[in-house]
Amino acid sequence: MRTSPAFPQKPARVAIKTAHRVAVASLLITGSTAIALAFGTSATLLGFALFPPLQVQMQGVVLQAANRPFIQPAIPDAWRPYIAERSLNNLTLRLYAGITTLGIHISSNTNLATGLNRPVYYREKGALQWLPAHPLTGRITKSLPQEDGSYEYEPLELYVTSLFWLKPGIVYEVCLLISGATCDADGNLKVSLATRQATNSPTPEAFFTPTRTVIVDPDPAKGDFTAIQAAVNDSATAPGTRIQINAGVYHEAVTIKSDRSGAPGRWLQLYGMPGAVLDGSYAASELFTPGSAWEKVTPPNAVNGDHIYKRPVRDDVLIGWLGDEQLLRHRDSDRGSGWKNFVDANAGEFRDGCDEPKFLVRRSWYMDEANDLIYLRWDSAVDPAGLDLTFSRYPMGIMLDGADWVWVEGLQISRFGNGPRTGAVYIQNGEFNIVRRNAILRNADGISVIWRERGENCQTALCSGDDGSSFNRVEDNTIDNGIPDATLSYCHTKRSAPFFGIRLGGSLGNSASGNSLTRIGENSIQITLAGDMAKATRCNDEESCRDLFPYVLWETDVYDNTIFTNVEGLEPDGAQVNGRLFHNRLRNVEKYLVSLQASQYGPTFVVRNILTRSEPSELLLTETTKNRYPYLHRYTYIYHNNLWLDYHSRPLSTKMYFKEFHLRYRNNVFRNSSGSVASFDNRLDADEEEYAGNADLDYNAYSSGEGSPIVNWVTESGWDDIRTSSRLCSEHGLECHGIGGGGFWPDGLSAPAEEDFTPLSNGKYLDAGEVIPGINLPYYGKKPDIGAEELAMFKRGDSNGDGKMDIGDSIFTLNHLFIGGRQPGCLDAADYTDDGKVNLADAVANINYLFLGSEVPPSEPASACGYDPTPDTLRCAEFLPCAKWE
Ligand SMILES: [Ca+2]
Ligand SMILES: [Ca+2]
Ligand SMILES: [Ca+2]
Ligand SMILES: [Ca+2]
């Protein structure tokens, strides 16, 4: 029987690792009589919120722990617990903390079904009015494959999955409407929770003080160990140990298994000092068979001008480099069938949109595993003996196999990837691990966080870990796979090798934030269960399709990443619930900026991302091979993104081949300088009785080239080019509040060419959006602005944004200017003199006015909330005293 780390199952049937089950409230109630709830703190939630990059920390209470005790750390005074105030018969409520959000999942296997398809409301504690949380209800029906090949269907489980952005420092009440029409009626389920300001949080380093430090140094005289693995393996290496890795190149692959785990709050830390390099290279001189030489070969069907050389090797290798650039391996190297295609590019088919056969990649190579030969193809006559070739000896640089509480920081990790599952860092079935501030350069894959089931898909050596792979953090790393510009295209790299930047395929609460990714080759950041897509292609009927996705990923956050000069951007394919991709910047991504294809559950949120490219590119949503995934249920929400492109034939592409399909766009900016902005393909599959639904678009802004359609509406009867949002509204009921269309109007944003998408206070984007509870609160002015940025109102002089002007504002400004203090959330507010600069003069003018008799008040707006009347390069992103929360 399979196990699932995150999917709720009947406890009697499943042995699961429960440490990651956060703030689980299993509310087992008979009639109206509440049984005692066991309150305790959740170590797991605490761990996840350790160093909040945004605004919120949360502290939870486990209402009922499952079959393992939770570790209970001390509760900081300012934190308050979740409290369940009402409960229901045989109902399970889960509160899953995201970064700034709270996901709520409610399931029941009883006949409460009719009571569960209900909205969730929230409010600040003490407020009179309940606000609807994100208006979403989801349903998941699940089957479990049995050992004899049959399926056992669980009773219908219904989920309410809800979401809202949390405001810091506030206690919220959350209400699930069960009984009656309002939350105040008796019988509803209520929970309260507290959030905490992040600004007073300690730095990450402060969360961990090593109890013991050992030194790894290439020079035995300078350290305790000369190899990292030896330090890990040492019997004295206990939780809380920092393994300090001094400068030097370490030629090894490091494996950390569960028996070397850290402990809650006491990580096992691999801490690289400047110059510490973990290197997985296999020098050509080591790899080639001794005494051998390159030999030029001329296959009869070789492409004209190709120069092909071969040489015997002592080992199979799959990833190679020429200098610092990755040399694309022929895609069929490890399948034994590609020789013909390697030498005869004309035999290859053309991919869509590719102007070369997909198999033709100059400067590529082929591994003949059966005969231990490497073939090198060059586009000119070179002597390969003179090339600076290296290959990867190991699949993974640092493998966490079931290990928890391991922290990897400060290392350069390079030239790993020799195998089907690869990565500079590979976390498998591990929890609370942190991979932070590393330079992940020239590997096949960057960082993988995966959960791997035991059984047929598990290679024995890699399956020793626990179930579950949760609450791992991948942050502030630099990842560069070294794909050379000449081959950095979808036509060349797709399936040439597994090139991922970051792959989040773990169980619950994994995140990737603040990473910088370039020259990746395929998905920059992917959210998926390993094997999802490959399995889905074999999904031919409802029963087998359900079998393919028995596991789900909960609460995966991808935010504040920078992705530039890549083939593909974000790819949330898979079986996630509450996959959230927000505040990312993607620039110059060649093919798919955001690609959503197969997804069983949803919701997936794509919020406030900025996507730019001056050459063909697209935000591709939900295109699939016809009828490939007909049984997937999905909820996708596209809010407040800027898609700013210069020509592509289908920048925003949507096809609808889903049985249940819920796709909603709100408050986005879609711009294409020429050509259509979007295509919506409504053609029915031949064997589909009906297509699944419709995209729901409203309050979006369109601009396109003069005379270009804003939307291609595609049906069996052909393409309809729709050039105005009013026609979208009148004919399809879409975009009845949309703006734009029929022309190219880049005005209204500060400086799009410089990627400054701040709305102008007199532009079309200001206050043109729709309030989406839980998503775009707070906002400023009359309504939320359209696009990724909201222009904040402010009162000048209140530099620290606390609602009053006093000496604290000068101090705050001076701290920022001279001792590295936090930048004001609203720089315009700190610009007392409104000269477009924040400097000493502003602090001095403030002090003069407050204390020294100066009669020069701050420039307007100062007496009331307002926008900056004088345009400048300062930005006002946040000024809470002027914010609206409902
Ligand atoms: Ca606004
Ligand atoms: Ca102030
Ligand atoms: Ca100034
Ligand atoms: Ca100004």
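Every number for a ligand or one of its atoms is a count from 1 in the order of the listing. All of these numbers come straight from a predicted model, not from anything done at the bench. Here, residue 1 is the first one in the sequence, and each next residue gets the next number.
Evaluation of the side chain to side chain donor-acceptor pair (under 3.5 Å) rule for E735 yields N700, Y702 as partners, not counting sequence neighbours. D698 pairs by the side chain to side chain donor-acceptor pair (under 3.5 Å) definition with H737, not counting sequence neighbours.
Electrostatic pairing of E755 and R585 counts as a salt bridge here, judged by a charged N lying under 4.0 Å from a carboxylate O. For D834 and R796, the salt-bridge test passes: some basic side-chain N is under 4.0 Å from an acidic carboxylate O. A salt bridge does not link D809 with K804: none of the charged nitrogens is closer than 4.0 Å to a carboxylate oxygen.
Rounded to 10 degrees, the OD1-metal-O angle spanning D842 and K837 at the Ca ion (ligand 3) equals 120°.
Distance CZ/F757 to CG/N641: 11.5 Å, rounded to 0.5 Å.
Around the Ca ion (ligand 1), protein N, O or S atoms at a distance under 3.0 Å total 5; waters are neither shown nor counted.
Near the Ca ion (ligand 4), less than 3.0 Å away, sit the protein N, O or S atoms D834 OD1, D868 OD1, D868 OD2, T870 O, T870 OG1, D872 OD2.
Distance check for T833 against the Ca ion (ligand 3): an N/O/S atom falls below 3.0 Å.
Relative ring orientation between Y637 and F605 is described as parallel, the plane-to-plane angle staying below 30° on a 0-90° scale split at 30° and 60°.
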Test S524 against L570 for side-chain contact (heavy atoms from CB on, under 4.5 Å), laying out the working first.
CA-CA 6 Å; S524 297; L570 303 170; 5.7 Å; no
Under the side-chain contact (heavy atoms from CB on, under 4.5 Å) criterion, do L593 and L645 qualify, and how do the steps go?
CA-CA 11 Å; L593 289 161; L645 304 178; 3.9 Å; yes
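K884 NZ: more than 12 foreign heavy atoms inside a 6.0 Å radius.
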